[in-house]
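The block underneath contains the structure these notes are about, expressed in structure tokens.
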Amino acid sequence: MITGKNYIGFTTSAKGNDLVKNVAAHDGSSLSEDFYAATEQEIDEAVKKATHAFKVYGNMSGAKKANFLEEIAREIEMMGDTLIHRAALESGLTQGRFEGERARTTTQLRMFADLLREGSWVEAVIDTALPERTPVPRTDLRKMLTPLGPVVVFAASNFPLAFSTAGGDTASALAAGCPVIVKAHGSHLGVNDLVAGAINRAAKKTGMPDGVFSSLNGSGRKIGKALVLHQGVKAVAFTGSYAGGKALQELAHTRKEPIPVFAEMGSVNPVVLMSDKLVREGDQLATLYAGSITLGVGQFCTNPGLLLGVKSDALTDFSQRLATQLDGIESATMLNEGIAATYLNDRQKVLAHEAVELSTKEGSTYGLPTLALTTGKNFLANHQLHQEIFGPFSLLVTCDSQEELEQIIGTLDGQLTGTIMCTDKDLSANSEVVNLLHHKVGRLIFNAAPTGVEVCHAMNHGGPYPSSTDSRFTSVGTGAIKRFVRAICYQNMPEAILPEALKNVNTLTINRLVNGKITNNSIH
């Protein structure tokens, strides 16, 4: 049931007078529920509850936290079609899409539960005392990862389930031992309400402390600013625009105690189309990339927004085939009116450039699939053409030479992904392209479309700035937990009060680095 209220730990709260409506994406009509915007008092209560909960939750065993995450997954699944229908209504995306996204969400939760039960993720390191060492004895030193504290998660517009209320940021923060406060996205308030209720039911069932999870409605700028500046908050996770992520990062640095902001802020995800591959598989590549450009109406952070190739007949043929394929795909509803209007405006700005040619059909329809063409020389001269256009858009850049292609790659900003479509013959002649792209991206892909981010241990979903604020971390996969922890070293701490992971007897049977060697044996 949708309450329309804020979740302040286990309490639903509606203390304010400001009401927020959300709408059906397909026609902009208002949905029946009113949602109460959080007040300053409610924001403060949510952070104080999270701070209090952290004293208990931060010290809970991995097994108990794993039970909590698994119960969240079960509660989400138990909502059945109610959740799917609401997500489709608020986003304009298909029910089939959300059946897949729900599975991804529950998979993430269970993956982190498995990680917690295994336990080695805490990176326990033990260097036992060497009192006889000369000329200076060594004292006993033991190190592991420990949670930061309450984390604010900004729900994303383009993944109402998998990158939102119970998505990867929330799952990884809870797995790390950090209470979470979600800032609900205004485009899917109903979905947020349903999932927030599921999380709190799971928390109660598994004996979690009150305040381990909260969810707040209202203006992103107003509530977001208050949360980021609150001294009880210790980290922020954000998925969205460059402007939004940068603003949060700068705000966090104004605090007396600056905190990390882990923001994923967008990417054009360049694709290099090599000549032999185009000759051999031009038709297949056009079909593959037409589907990738328009997947989810282009509203993926890994959408291939930039295609690069050296001038050839094969590249011209590919361009024409891709345009034909895109023209055969109908415009579709975008996530909300703001995103749709921004897409149309940004698209028109690019097409207004004198040296940019529209390859697909004319039109001003929201969500219209678009392929634009330009030259390498023009791309190098106009940095505006390097910017992400969030939607079903791609710019194909024809380079005069291999040298110009390499120059372009060298001028690109940091990206989430970079893709090379090639044969073995292509690779033997293009080693420098591979090397240049390797330094620009967080995930280097060969002979596949960049859309589709596998939830697994090896995934890296992040990249050099400005695709994300810290290229050392991922927001997808088990590595995402590392964002919300810090290292602590215990020197000469009595055995009785050491964390379980660092005691001599390895009751958790985790892998530890003991005196320079990885082992799961106890210390005798």
Side-chain angles (χ1 to χ4, degrees), residues 54-69 108 110-149 151 168 171-179 234-235 257 259-260 262 438 442-443 455-462 470-524:
F54 179 58
K55 297 175 183 178
V56 176
Y57 187 68
N59 293 305
M60 274 191 172
S61 69
K64 287 183 178 180
K65 289 182 287 191
N67 290 340
F68 176 33
L69 296 180
Q108 288 177 147
R110 292 185 172 114
M111 179 183 68
F112 280 109
D114 289 343
L115 185 77
L116 293 175
R117 286 207 172 88
E118 193 282 325
S120 299
W121 73 273
V122 298
E123 297 182 2
V125 181
I126 300 173
D127 285 316
T128 55
L130 297 174
E132 307 301 324
R133 190 181 69 175
T134 59
V136 180
R138 184 174 78 190
T139 188
D140 186 272
L141 296 164
R142 306 188 182 212
K143 182 178 74 170
M144 65 180 290
L145 300 177
T146 190
L148 291 176
V151 172
S172 55
L174 290 175
C178 300
K234 301 304 178 185
E257 176 202 1
I259 57 173
F262 300 103
H438 158 267
R443 178 162 54 109
V455 178
C456 64
H457 303 291
M459 177 51 62
N460 184 57
H461 191 60
D470 195 327
S471 63
R472 296 171 296 173
F473 298 98
T474 177
S475 62
V476 178
T478 51
I481 198 172
K482 300 292 180 65
R483 296 174 294 171
F484 307 118
V485 293
R486 63 180 179 87
I488 182 167
C489 178
Y490 301 99
Q491 183 169 338
N492 284 340
M493 179 175 274
E495 172 83 7
I497 60 172
L498 274 170
E500 202 68 25
L502 295 177
K503 289 185 176 182
N504 285 340
V505 178
N506 188 5
T507 58
L508 301 176
T509 65
I510 61 175
N511 290 325
R512 308 188 295 186
L513 185 66
V514 179
N515 295 324
K517 296 182 179 180
I518 296 175
T519 177
N520 62 6
N521 293 331
S522 294
I523 299 171
H524 301 289

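Atom set for the values below is all heavy atoms of this structure, side chains included, hydrogens, waters and symmetry mates excluded.
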So, for [X] and [Y], which heavy atoms are closest and what is the spacing to 0.1 Å?
{"X": "Arg117", "Y": "Ala63", "value": "NH2-O, 4.1 Å"}
{"X": "Phe112", "Y": "Ala171", "value": "CD1-CB, 3.9 Å"}
{"X": "Asn59", "Y": "Lys55", "value": "ND2-O, 3.0 Å"}
{"X": "Tyr57", "Y": "Cys178", "value": "CE2-N, 3.8 Å"}
{"X": "Ala66", "Y": "Ala113", "value": "CB-O, 3.5 Å"}
{"X": "Asn460", "Y": "Gly442", "value": "ND2-O, 2.8 Å"}

First locate atom [atom1] of [X], then atom [atom2] of [Y], and finally report the distance between them rounded to the nearest 0.5 Å.
{"X": "Arg486", "Y": "Met144", "atom1": "CZ", "atom2": "CE", "value": "11.0 Å"}
{"X": "Phe473", "Y": "Arg483", "atom1": "CZ", "atom2": "CZ", "value": "9.0 Å"}
{"X": "Thr478", "Y": "His457", "atom1": "OG1", "atom2": "NE2", "value": "5.0 Å"}
{"X": "Ser475", "Y": "Asp470", "atom1": "OG", "atom2": "CG", "value": "12.0 Å"}
{"X": "Asn504", "Y": "Leu498", "atom1": "CG", "atom2": "CG", "value": "8.0 Å"}
{"X": "Thr507", "Y": "Glu500", "atom1": "OG1", "atom2": "CD", "value": "3.5 Å"}

Problem set entry | Whether over 12 other heavy atoms sit under 6.0 Å from Arg472 CZ |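 Not more than 12 within 6.0 Å, no.
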
Exercise. In terms of heavy-atom contacts, does NZ of Lys503 have more than 12 from other residues, nucleotides or ligands at under 6.0 Å?
Worked result: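 Yes, because the 6.0 Å sphere around NZ of Lys503 holds more than 12 heavy atoms from other groups.
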
For this session: Please step through side-chain contact (heavy atoms from CB on, under 4.5 Å) for the pair Trp121 and Leu116, ending with a clear verdict.
Result: CA-CA 8 Å; Trp121 73 273; Leu116 293 175; 3.6 Å; yes

Problem set entry | Single hit among Leu502, Val514, Ile488 for side chain to side chain contact (heavy atoms under 4.5 Å, CB included) with Arg142 |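 One option only clears the test, and that one is Leu502.
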
Tell me, do [X] and [Y] make a side-chain contact under 4.5 Å, heavy atoms counted?
{"X": "Met111", "Y": "Leu115", "answer": "no"}
{"X": "Ser172", "Y": "Phe484", "answer": "yes"}
{"X": "Leu174", "Y": "Lys65", "answer": "no"}
{"X": "Lys234", "Y": "Pro147", "answer": "no"}
{"X": "Arg110", "Y": "Leu69", "answer": "no"}

Please table the atom pairs, donor to acceptor, closer than 3.5 Å between any side-chain atom in residues 517-524 and protein atoms at least two apart or in another chain.
unit_1	atom_1	unit_2	atom_2	d
Thr519	OG1	Asn521	N	2.9
Thr519	OG1	Asn521	ND2	3.3
Ser522	OG	Asn506	N	2.8

Problem set entry | Donor-acceptor pair, side chain of Asn511 and main chain of Ser120, under 3.5 angstrom |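 No, because the side chain of Asn511 does not come within donor-acceptor range (under 3.5 Å) of the backbone of Ser120.
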
Using a 3.5 Å cut-off and no angle test, enumerate the donor-acceptor pairs between side-chain atoms of residues 123-132 and protein atoms at least two apart in sequence or in another chain.
unit_1	atom_1	unit_2	atom_2	d
Glu123	OE2	Lys482	NZ	2.7
Thr128	OG1	Asn515	OD1	3.3
Thr128	OG1	Asn515	ND2	3.0

